[in-house]
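A short worksheet on the structure shown next.
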Amino acid sequence: MNMARMVALFVWGAAARFVHGDELALLQSHQFLRAEPPGCSDCQGKMLIRVIMDSTCSDCQDWVKYQFKPLWEDEEFRSFFSKHYRLQFVATTVTQHKQGHALNQAINFAFSDLSFEAFLQRLFCWETNVHAYTPLDDGSFMEMFVDVNATVDKCKLPSPPAESATKVLLQLERAADAKAWESWRNGAPQPAEVPWVSIGGQEYSLEKPEGQHGPIHHFKDFLCRTEHGDKPGACAALVSTGIRPGATSV
């Protein structure tokens, strides 16, 4: 890794560590989070699916790997997504992991910088290789150190320019009222439970009532049962991918 990249990642991580609460959300969604997926030239009229996740959350990793990835890798479902939906991924810090901000900023920057298909390939690699916690025999979890630089290199994520994080941080510090920056958040909530999936403005999360968990545990079934768009042939079977048996939330 060259020195420029090391400096950029260090400054990016340092900026994230000193920003908390609403300011962190604003930093995440300022110039690094697009309202539309990168390269989406025909988003008009398509329904928005927004996925809010945390890179250090095991349930989020399971959702990406076992709920979304199999559908995206299915040619019919990928065509279905492309025709009827626009997809947005937002990484925000929910757990107490010390490296959470830096890990999430890396994903947010990749989303804003890459084509959507290129971003997803990096995301699938990222969610497979970031091991932020390990389960213990007593049911608790132990925080693990993540080699962010090595994982960025392995998954070929772009490095955020150091001056960008610094510039946005200074803008936030000078803002008399942080709420004046709310427009940058594009309506994204700050959930206490992730993954949080919004489809057409309807929010779904495990912290919601039982009837609003659908796409969290059974994303394929949920899409197949909606009235939106012509369905892939695989919907006839209505076989749910489901979160991996035994998966435990952090």
Side-chain angles (χ1 to χ4, degrees), residues 33-38 40 42-92 94 104 107-108 111 116-117 119-124 126-128 185-250:
L33 178 60
R34 302 181 183 182
E36 307 292 354
C40 184
D42 60 344
C43 280
Q44 193 78 18
K46 293 184 178 181
M47 184 175 289
L48 174 65
I49 296 179
R50 175 185 283 128
V51 180
I52 301 178
M53 49 182 278
D54 184 337
S55 290
T56 67
C57 159
S58 61
D59 275 357
C60 298
Q61 293 175 332
D62 285 341
W63 191 91
V64 170
K65 291 187 292 185
Y66 304 114
Q67 297 286 328
F68 178 73
K69 185 173 181 280
L71 299 188
W72 184 257
E73 292 179 342
D74 179 284
E75 189 173 338
E76 273 196 289
F77 262 101
R78 186 185 301 201
S79 176
F80 173 67
F81 280 124
S82 300
K83 185 176 181 180
H84 299 292
Y85 294 97
R86 48 196 176 100
L87 292 146
Q88 183 188 72
F89 285 81
V90 183
T92 190
V94 175
N104 288 320
I107 284 297
N108 284 335
F111 180 83
F116 188 64
E117 291 203 16
F119 164 75
L120 285 182
Q121 294 309 308
R122 272 71 169 184
L123 177 66
F124 297 154
W126 189 258
E127 296 304 309
T128 300
R185 294 184 63 178
N186 303 312
Q190 275 296 102
E193 180 81 30
V194 284
W196 179 297
V197 179
S198 171
I199 302 179
Q202 180 66 49
E203 313 291 346
Y204 300 92
S205 164
L206 295 180
E207 70 179 29
K208 296 278 188 177
E210 183 67 30
Q212 297 179 48
H213 295 177
I216 304 298
H217 286 157
H218 306 290
F219 189 48
K220 176 181 177 180
D221 289 4
F222 183 89
L223 292 176
C224 285
R225 294 177 189 277
T226 64
E227 300 295 326
H228 194 65
D230 48 323
K231 304 299 186 295
C235 280
L238 282 178
V239 177
S240 173
T241 54
I243 285 184
R244 181 189 49 168
T248 308
S249 175
V250 169

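Starting from 1, each residue takes its place in the sequence as its number.
Summarising the geometry, atom CZ belonging to F222 is positioned 4.5 Å from atom CD1 belonging to I199; distances are rounded to the nearest 0.5 Å. With rounding to the nearest 0.5 Å, the separation of CD in Q121 from CZ in F119 is 11.0 Å. With rounding to the nearest 0.5 Å, the separation of CD in Q67 from NE2 in H217 is 8.0 Å. Atoms CZ and CZ, on R50 and R86 in that order, are 8.5 Å from each other to the nearest 0.5 Å. How far CD of Q61 is from OG1 of T56: 8.0 Å, rounded to the nearest 0.5 Å.
Side-chain contact between P195 and Y204 is absent, with no heavy-atom pair separated by less than 4.5 Å. Counting heavy atoms from C-beta outward, W63 and F68 have side chains that approach closer than 4.5 Å. A 4.5 Å side-chain heavy-atom check between L71 and L223 finds at least one atom pair inside the cut-off. In this structure, the side chains of M53 and L123 come closer than 4.5 Å at one or more pairs of heavy atoms.
Between S55 and E127, the shortest heavy-atom contact is OG-OE2, 4.2 Å.
Although no hydrogens or angles enter the test, the distance criterion places no donor-acceptor pair under 3.5 Å between the side chain of K46 and the main chain of F81. Distance alone, capped at 3.5 Å, places no donor-acceptor pair between the N104 side chain and the D54 backbone. Formation of a donor-acceptor pair under 3.5 Å by the S79 side chain with backbone atoms of E75 is not found in this model.
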